[in-house]
Amino acid sequence: MIQAILVFNNHGKPRLVRFYQRFPEEIQQQIVRETFHLVLKRDDNICNFLEGGSLIGGSDYKLIYRHYATLYFVFCVDSSESELGILDLIQVFVETLDKCFENVCELDLIFHMDKVHYILQEVVMGGMVLETNMNEIVAQIEAQNRLEKSEVNRVLLCRPG
Amino acid sequence: MVAPSLKLQDLIEEIRGAKTQAQEREVIQKECAHIRASFRDGDPVHRHRQLAKLLYVHMLGYPAHFGQMECLKLIASSRFTDKRVGYLGAMLLLDERHDAHLLITNSIKNDLSQGIQPVQGLALCTLSTMGSAEMCRDLAPEVEKLLLQPSPYVRKKAILTAVHMIRKVPELSSVFLPPCVHLLHERHHGILLGTITLIMELCERSPAALRHFRKVVPQLVHILRTLVTTGYSTEHSISGVSDPFLQVGGHSSKTMTNISPLSSTQVATNTDTSRNAGNAVLFETVLTIMDIHSAAGLRVLAVNILGRFLLNSDRNIRYVALTSLLRLVQSDHSAVQRHRPTVVDCLQETDASLSRRALELSLALVNSSNVRAMMQELQAFLESCPPDLRADCASGILLAAERFAPTKRWHIDTILHVLTTAGTHVRDDAVANLTQLIGGAQELHAYSVHRLYNALAEDISQQPLVQVAAWCIGEYGDLLLEGNCEEIEPLQVDEEEVLALLEKVLQSHMSLPATRGYALTALMKLSTRLQGDNNRIRQVVSIYRSCLDVELQQRAVEYDTLFRKYDHMRAAILEKMPLVERDGPQADEEAKESKEAAQLSEAAPAPTEPQASQLLDLLDLLDGASGDAQHPPPLDPSPGGALVYLLDLPCAPLPPAPIPDLKVFEREGVQLNLSFIRPPENPALLLITITATNSSEGDVTNFICQAAVPKSLQLQLQAPSGNTVPARGGLPITQLFRILNPNKAPLRLKLRLTYNHFHQSVQEIFEVNNLPVESWQ
């Protein structure tokens, strides 16, 4: 099961924070900071797996992370998940973001935080892997965007004058 | 009329424009005030925008609880835009602890039943993220209906929601069991993935489900085969294939073992390892092979695959290989041994995660045949490893050395090396173990003391090393000064040098109080071992009589008294310690030194005075009975005084001689027995072991036994094995008395018992009658 998915930049500023287990708000922020410190210490040419920090459950949990340019994508998982599998999942997620935002960069994540959440919801649900096929995910997101757009048009059409 | 609210993007721009944390806080607080006002006014058009902004500041760590009710309103709206944000807010802000969460149950129910897929998806997603037990129970029927819907998108979400529901409410397993088999026939990989997760969850919860699904196993294997033989796209492979494996591995029966080897080998040979997904599949194959009871050949194949991975250039692969090998090393030790050289090479990794795993695996691989080579590697690693691994490495080496040491000398060398390299990181009982080991290896006393002396002379900062060295120098100082030792070059050590070194340890600010205790006692012992006069030692001891550390002060006072008043006893007291049995009744795992210290300190505080006087009372009675009018002055205690505790040298119990045991005391189930031993080589010596047993229903606690004998005899009491006898025949307390009776005077023995029993304190004083004549003649 996936405990948490965190995305933050090279200075530790959170860009996406999603917990699949209940933690109080202050603890959530502390976990983000602690994870950032753990991950920052890692060189770029060593492996992508870490023991979890103490706040998030210690050595029962693993942190699997990938570093893309200015962003760290960190998945905190328990022992039932395959490490290499999750590594691939991060790649799928990032590629999907790339497809949806067209050459995604950090600014896209900053200004469209809600959309990133919606995309994530199609990949991981309730801490479990939902879909790994990028095309399916993108198709779903586009369907939802169309639905939203049609509503906006309806509202505009209904407005008097 | 509120000002037109900012769009989310604009707010984010503003926040990013803030130069300092304080500015950012200001911007956000202003905006939150707007948002709160807007919520109060109940503006439906822009509500979703306000909530989106609120969620953004929530991610930055600012309070957002006032948005909880707004989530409910947005979820209840009919617009998809509103619902989207509302559900997201519910997932981020609401949870079981807030009462508000139950209010969305109705909305979720409505959304699940109306046919728009994205909306159903949202509802299911929310339910699976934050659904509490009550919600799950209420909504189970709806989710069950959705399991059989035509749309695969909704179905796969419904399946995962079902998994969450079963986790929260295990009784729902019966609801979701029937559809599973049907779902396995699906072609859609997402559905299959979800179904397998669901089946695994069901099987974990109930054995009945397990039996049900055993029948389904051939179908799973069929799915597996199809996936393997028709090739697969990377997106599906990990999840789709791995899960059938896990399923197969976790719950296999005997029939499975026939089917799976075939598939496993097929997968193992066909998998394309050039891509990460292929490697993941291979790993899962390996783990499955290990989990189920495969044939030996298959297991060796699995280990070899892992061995190949160890040589892979990708660090991630190596990491996972090491982790998997660690899991296997218990069951397939010999197979993993073949890859030992590669594992040891991995110790050199700069990557901390990898070297940690390599360390654990290397320690697990040590056995009696490779121990010397492995220890060399591990010791080299210890010198260069990062600090957080030092403690683990040191204790691992010590443990392995203990289990597999080929010779005592090698063992001592190893421990010595670990203490010099990583002394501050070793566990506390390392000192005790080493002193025990050295004490037991008589032929190595000279060697040990020489080596320890040299090590100490170089460096007095590593406390465990200093403690052991001080103890050794104290015990075997005479061997050190003799200078003969075949095993290392002869070294002429001067008495003055040794004393100077010990004094340096005493005075160094790096020394812990315990270490100084060791050094002081060592100095004292040397006073009997050295040829020269003891003025220097006496001086040092004298100085420490006014030391601020109570422990040191007490020791110094006692040692000083030894010099001044009891010089005739000094040699006997400070003679070489006999070897203590590790598991003997009087030994414990702490250093023997600290035990001595504990007993010395036992003598000092409160009990000394009253006990001495009470014992004197006993003695008075005895003396009176034997007609001896001499009344011993209180400060000069006869053998039964404070010195009784000073003389608690451990002594291994001797084999029993045929003097009959004597029961001397019985009260309410508590019994005291004496057993006598006259060692043949020392006719003046009598050893009495008292045993306190308890057959009653209540525990005996704080049990203390004191004894007194006539003045012509000498009595030494050793420390009891404990002071509690559990009820109903629990472990008895034993205590040894040593009685020296050179004149063969008639033995008389008076005992005083104090203990707590049935919540009452009991005190008994009595003289032992019917002492057998053989005990003193």
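The chains referred to below are lettered A, B, ... by the order of the sequence lines, with proteins before strands, and numbering in each begins at 1.
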For chain B, find which of [options] contributes the most heavy-atom pairs closer than 4.5 angstrom.
options	result
A/Leu16, A/Ile110, A/Val32, A/Leu50	A/Ile110
A/Asn135, A/Ile64, A/Leu147	A/Leu147
A/Lys41, A/Glu122, A/Gln91, A/Glu26	A/Glu122

For this session: Please list, chain by chain and in numerical order, all residues satisfying side-chain hydrogen bond (donor to acceptor under 3.5 Å, both in side chains) with A/Tyr65, sequence neighbours excluded.
Result: A/Arg42

Exercise. Does B/Tyr62 have any side-chain hydrogen bond (donor to acceptor under 3.5 Å, both in side chains) partners at least two apart in sequence or in another chain, and if so, which?
Worked result: B/Glu24

Out of [options], which one racks up the most heavy-atom pairs below 4.5 Å with chain A?
options	answer
B/His164, B/Gln9, B/Arg356	B/Gln9
B/Thr161, B/Leu124, B/Leu60, B/Thr323	B/Leu60
B/Arg16, B/Arg318, B/His65	B/Arg16
B/Leu160, B/Leu354, B/Val320, B/Asn316	B/Asn316
B/Pro63, B/Gly61, B/Ala52	B/Gly61

Is there side-chain contact between [X] and [Y], with at least one heavy-atom pair below 4.5 Å?
X	Y	result
A/Gln121	B/Leu122	yes
A/Phe49	B/Arg315	no
B/Lys156	A/Met125	no
B/Leu92	A/Val17	no
A/Asp114	B/Val85	no
A/Met113	B/Ile12	no
B/Glu13	A/Phe111	yes
A/Arg18	B/Met59	no

For the atom pair [atom1] ([X]) and [atom2] ([Y]), what is the distance rounded to the nearest 0.5 Å?
X	Y	atom1	atom2	value
B/Lys157	A/Glu131	NZ	CD	10.0 Å
B/Met91	A/Phe19	CE	CZ	15.5 Å
A/Glu83	B/Ser324	CD	OG	7.5 Å
A/Leu87	B/Ile317	CG	CD1	9.0 Å

Of the backbone (N, CA, C, O) and the side chain (C-beta and beyond), which part of [X] lies under 4.5 Å from a heavy atom of chain A, both, or neither?
X	result
B/Phe80	both
B/Leu8	side chain
B/Ser78	backbone
B/Ile116	side chain
B/Tyr56	both
B/Met130	neither

Problem set entry | CA sep, side-chain torsions, deciding dist, call: A/Tyr118, B/Leu88, side-chain contact (heavy atoms from CB on, under 4.5 Å) | CA-CA 8 Å; A/Tyr118 302 143; B/Leu88 183 61; 4.0 Å; yes

Pick one of side chain, backbone, both or neither for [X], based on which atoms fall under 4.5 Å of a heavy atom in chain B.
X	value
A/Glu148	both
A/Leu107	side chain
A/Gln21	neither
A/Glu25	side chain

Exercise. So with a 6.0 Å cut-off around CD of A/Glu102, is the heavy-atom count from everything else above 12?
Worked result: no

